Every structure is written in structure tokens, then in C-alpha cells.
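Only one structure is covered here, and it is reproduced in the block below.
Note that the structure is a prediction, hence the values are computed from the model and not measured. One is the number of the first residue; the rest follow in order along the sequence.
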Amino acid sequence: MLDRLYSRLPEKRERKIIDLPELEIEHLTNKTVIKNLQYISTRLDRDPRLIMRYFLKELGKPGTITPSGTLEIFDKIASKSLNELFEKFIKTYVKCPTCGSIDTRLIKHGKIFILKCLACGAETPVKYI
Ligand SMILES: [Zn+2]
């Protein structure tokens with residue numbers, strides 16, 4: 001009885017989510033800073049400029065990467081919005097839709113990107129940023 005109950009619990013799914021990095025957000029007077037852009041880009045193995053372009057495009061705001069490697073967005077953006085966008089980024093541009101692995105590469109292919117999974121080999125076309 002107890003065995004059957006345990007076997008039904010999903011074990012592996014949650015660990016992967018915990019492994020993903022979280023945004024370190026700071027709100028200043030007229031701007032919003034993502035302090036750990038470098039860390040995020042290393043962990044996800046994505047170019048920091050790509051992550052910047054994604055956020056600025058989705059938010060429709062100007063911004064820049066500072067010499068110290070933080071992302072500055074020139075407006076006040078709620079943390080919730082940034083976190084939601086970041087989740088969407090991971091879902092679209094990092095996570096393999098076939099097997100759920102985040103061990104993937106993003107390859108530019110004409111006017112789109114191909115998300116190539118190193119775990120299962122799946123190739124998924126995604127929108128260019
Ligand atoms: Zn895969």
C-alpha cells in the first residue's frame with residue numbers, strides 16, 4: 001500500500017527546476033538591474049548579449065550591459081515580470097522540449113535559431129532574438 005503511494009510521487013522533475021539559476025534583481029531610482037547576468041549566462045551557457053536582447057525586446061525598453069557585467073534596464077520593471085520573462089526564456093531558448101534537458105546549444109540558422117539538445121539530439125527551431 002505504502003509502496004504504491006511512493007512510486008506515484010514525481011521525484012526527478014523538481015530537482016531540475018532547483019538547479020536553474022535565479023535572477024538577482026535590484027531596483028534603483030530610474031532603472032532595474034540584473035546583477036548576476038554573467039552568472040546566469042555561464043550557467044545557461046548562453047551569450048549575455050543574447051539574454052540582454054531578449055529582455056529588452058520583450059520589455060520594449062532600452063538598456064545596456066555595464067563594464068562590470070550587470071544588465072541595466074532603463075525603467076522600473078517589477079521583479080515578477082522579469083522572473084516570468086526569464087522562465088519563458090529558459091522554456092523557449094534553453095530547455096529541450098523533447099527530453100527536458102538544459103544541456104543544449106542555440107545555433108543561428110538564417111533568420112531563426114535551432115535549439116540543439118546535447119542529451120537526446122533533438123533539434124527544435126525557435127524564434128530569432
Ligand atoms: Zn533533449
Side-chain angles (χ1 to χ4, degrees):
M1 183 75 175
L2 203 63
D3 281 348
R4 208 191 297 163
L5 194 71
Y6 277 122
S7 65
R8 247 185 276 157
L9 294 171
E11 288 165 26
K12 284 181 184 170
R13 202 178 289 171
E14 292 199 20
R15 207 169 49 128
K16 278 182 186 164
I17 297 166
I18 294 165
D19 279 343
L20 291 169
E22 282 181 24
L23 298 177
E24 217 176 282
I25 302 163
E26 191 175 83
H27 290 97
L28 302 175
T29 317
N30 292 315
K31 59 190 174 188
T32 306
V33 182
I34 296 175
K35 293 171 79 178
N36 61 343
L37 179 69
Q38 292 299 327
Y39 173 72
I40 298 276
S41 88
T42 307
R43 278 299 308 276
L44 300 180
D45 199 14
R46 292 293 178 270
D47 191 326
R49 287 167 301 178
L50 178 93
I51 300 173
M52 176 187 75
R53 283 209 306 274
Y54 169 80
F55 273 113
L56 299 185
K57 208 168 157 186
E58 292 289 322
L59 293 165
K61 304 288 181 193
T64 190
I65 296 176
T66 66
S68 61
T70 63
L71 171 58
E72 291 191 356
I73 303 162
F74 300 143
D75 205 342
K76 280 197 165 178
I77 315 287
S79 299
K80 190 173 176 282
S81 311
L82 289 174
N83 285 322
E84 280 170 6
L85 279 176
F86 185 54
E87 264 178 47
K88 203 174 130 198
F89 177 83
I90 290 172
K91 202 178 156 207
T92 312
Y93 295 101
V94 181
K95 212 169 198 172
C96 171
T98 305
C99 74
S101 171
I102 61 161
D103 193 9
T104 60
R105 294 279 173 279
L106 201 57
I107 303 155
K108 191 175 179 289
H109 185 81
K111 285 185 175 171
I112 57 161
F113 281 125
I114 302 287
L115 183 70
K116 186 172 169 51
C117 178
L118 302 181
C120 78
E123 296 188 3
T124 313
V126 292
K127 204 176 95 182
Y128 188 74
I129 305 173

Is it true that Tyr39 and Val94 fall in one hydrophobic cluster, defined by side-chain heavy atoms closer than 4.5 Å?
-> no
Do the side chain of Arg46 and the main chain of Ile40 share a donor and acceptor less than 3.5 angstrom apart?
-> no
Spacing of CD belonging to Glu123 relative to OG1 belonging to Thr98, to within rounding of 0.5 Å | 10.5 Å
Verdict with reasoning, Asp45 to Arg105, per salt bridge (Lys or Arg N to Asp or Glu O under 4.0 Å) = CA-CA 8 Å; Asp45 199 14; Arg105 294 279 173 279; 2.8 Å; yes
CZ (Arg53) with more than 12 external heavy atoms under 6.0 Å | yes
If you take all heavy atoms of Phe113 and Lys108, which pair is closest and at what distance?
-> CD2-CA, 3.6 Å
Do NZ/NE/NH1/NH2 and the carboxylate oxygens of Glu84 and Lys88 come within less than 4.0 Å?
-> no
One should read off an interatomic distance between Leu106 CG and Leu115 CG, to the nearest 0.5 angstrom, of 6.0 Å
Keeping the roles fixed (side chain from Asn36, backbone from Glu24), state whether a donor-acceptor pair exists under 3.5 Å.
-> yes
Give a yes or no on whether Ile102 and Ile114 share a hydrophobic cluster (residues Ile, Leu, Val, Met, Phe, Trp, Tyr; joining criterion: side-chain heavy atoms under 4.5 Å apart).
-> no
Same cluster (ILVMFWY, side-chain, under 4.5 Å), Tyr93 and Ile107 | no
Check: Ile77 main-chain N/O paired with His27 side-chain donor or acceptor under 3.5 Å | yes
Pro21 to Arg43 - nearest heavy-atom pair and separation | CG-CB, 3.8 Å
Linking I/L/V/M/F/W/Y whenever their side-chain heavy atoms sit closer than 4.5 Å, directly or via other members, would Leu118 and Val126 fall into one cluster?
-> no
Which heavy atom in Phe89 sits nearest to a heavy atom in Ile129, and how many Å separate them?
-> CE1-CD1, 4.0 Å
Quick one: are Ile34 and Phe86 in side-chain contact, heavy atoms under 4.5 Å?
-> no
In Å and rounded to the nearest 0.5 Å, what is the NZ to NZ distance from Lys57 to Lys127?
-> 5.5 Å
Is a donor on one side and an acceptor on the other found under 3.5 Å between the side chain of Thr32 and the backbone of Asp75?
-> yes
OG (Ser81) and CG (Leu59) are apart, to the nearest 0.5 Å, by 7.5 Å
Distance, nearest 0.5 Å, that separates NZ of Lys31 from OG1 of Thr70 = 8.0 Å
Shortest non-hydrogen pair, Leu85 vs Tyr54, comes out as O-OH, 2.8 Å
Closest non-hydrogen contact found for Leu37 with Leu71 is CD2-CB, 3.9 Å
Could you go through the salt bridge (Lys or Arg N to Asp or Glu O under 4.0 Å) check for Glu87 and Lys91 one step at a time?
-> CA-CA 6 Å; Glu87 264 178 47; Lys91 202 178 156 207; over 6 Å; no
Step through the shown structure and confirm whether more than 12 heavy atoms of other residues, nucleotides or ligands are within 6.0 Å of NZ on Lys35.
-> no
Between Ser101 and Asp103, what is the shortest heavy-atom contact and its length?
-> OG-N, 3.0 Å
Expected output: side-chain Thr42 to main-chain Gln38 donor-acceptor under 3.5 Å = yes
Could you state whether Ile51 and Leu20 fall into the same hydrophobic cluster, counting links through intermediate Ile, Leu, Val, Met, Phe, Trp or Tyr residues with side-chain heavy atoms under 4.5 angstrom apart?
-> yes
Output for pair (Leu82 CG, Leu23 CG), nearest 0.5 Å, gives 6.5 Å
Ile73 versus Leu56: any side-chain heavy-atom pair under 4.5 Å?
-> yes
Under 6.0 Å from the NE2 atom of His109, do we count more than 12 heavy atoms belonging to anything else shown?
-> no
